[in-house]
Amino acid sequence: MTHGLKQQGTLKAAVLISGTGSNLKALIDAVKSGRLELDIVRVVSNRAEAGGIGYARAANIPISIISHKQYADRDAHDDAVARVLDDSQAELVVLAGYMRVLGAAFTARFNGRVINLHPSLLPLYKGLDTYNRALQAGEAEIGASIHVVTSALDSGPVIAQVRIPVNNNDDAASLKHRLGPLEHKLLVATVEQFCQGDLRFDCGQLVFRDQLLKQPLQMSHNGTIQ
Ligand code: GRF
């Protein structure tokens with residue numbers, strides 16, 4: 001299946017959050033500044049107290065709070081989220097700190113249209129506590145990745161990455177502090193490629209500027225992606 005996401009004018013995206021929402025804010029700011037030709041049609045949070053809801057409200061973006069606690073199981077919750085996404089007509093779904101694993105029915109339904117920001121250089125350190133695990137392993141560098149969401153956790157094709165060196169005195173907090181602003185840039189730069197039609201998902205493979213993407217794009221610290 002081809003997703004020519006740019007074909008119908010401004011790309012429509014939904015953003016799923018669970019917490020602070022600093023990455024949602026980065027997207028909102030990039031839309032406001034005119035950098036992203038993106039219509040954020042809906043924000044979905046599984047937590048009513050997520051700080052990011054305030055950013056959506058301030059930007060007049062429709063919000064759905066769909067608590068997983070109100071559903072019998074994962075599939076029932078996923079299905080409720082999926083119905084809201086269908087109604088919103090979102091073409092791209094961005095997981096920006098959405099702390100729920102999505103089931104296979106959901107990922108099949110939105111095949112190739114869901115991307116996630118993960119704080120590691122995938123395929124290394126899938127799952128949680130990525131900074132501490134990287135430190136314990138003595139990694140010389142860490143980073144963040146944007147990948148396509150599939151039914152296997154943090155295992156879909158990696159689209160783009162940013163890297164930082166690990167210093168001798170680093171701990172998880174200092175790594176998070178240094179990487180956070182670069183994660184924002186990485187998400188905006190990657191979504192920009194979808195908006196411009198440079199990135200698409202074709203028959204299960206990522207295509208960048210009409211070439212199969214064999215290696216993840218790399219973002220420099222000034223936000224340039226290639
Ligand atoms: C980011 O660090 C991202 O890598 C991870 O969750 C965090 C979300 O932060 N998946 P925020 O809610 O966007 O501030």
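Counting starts at 1 for both ligands and their atoms, in listed order. Quick note: residue numbers are just sequence positions, from 1.
With respect to atom 12 (O) of ligand 1, the closest heavy atom belonging to the protein is Gly21 N, 2.8 Å. The protein heavy-atom contact nearest to atom 8 (C) of ligand 1 is Gly97 CA, 3.5 Å. Ranking the protein heavy atoms by distance from atom 2 (O) of ligand 1 puts Glu183 OE1, 2.8 Å first.
Of the candidates Pro119, Ser22, Gly51, it is Ser22 that places a heavy atom closest to atom 11 (P) of ligand 1. When Leu117, Leu179, Ile17 are checked for heavy-atom proximity to atom 5 (C) of ligand 1, Leu117 turns out nearest.
Below 30°, between 30° and 60°, or above 60°: for His77 and Tyr98 the angle between ring planes is below 30°, a parallel geometry.
Residue Met99 does not touch ligand 1, judged by heavy-atom distances below 4.0 Å.
Grouped by direct or indirect side-chain proximity (heavy atoms under 4.5 Å, Ile/Leu/Val/Met/Phe/Trp/Tyr only), Leu122 sits with Val158.
With respect to the salt-bridge test (charged N to carboxylate O, under 4.0 angstrom), the residues Asp39 and Lys12 do not qualify. Ion pairing of Glu91 with Arg113 is absent here, as no side-chain N (NZ or NE/NH1/NH2) approaches a carboxylate O to less than 4.0 Å.
Within the structure, the closest approach of Ala144 to ligand 1 does not fall below 4.0 Å when heavy atoms are considered.
Interface of Asn23 with ligand 1, defined as ligand atoms under 4.0 Å from a residue heavy atom, comprises 1 (C), 8 (C), 9 (O), 11 (P), 13 (O).
Residue Leu212 qualifies as enclosed at atom CG: its count of foreign heavy atoms under 6.0 Å is above 12.
Between the CD1 atom in Ile159 and the CG atom in Asn116 there is a gap of 10.0 Å [rounded to 0.5 Å].
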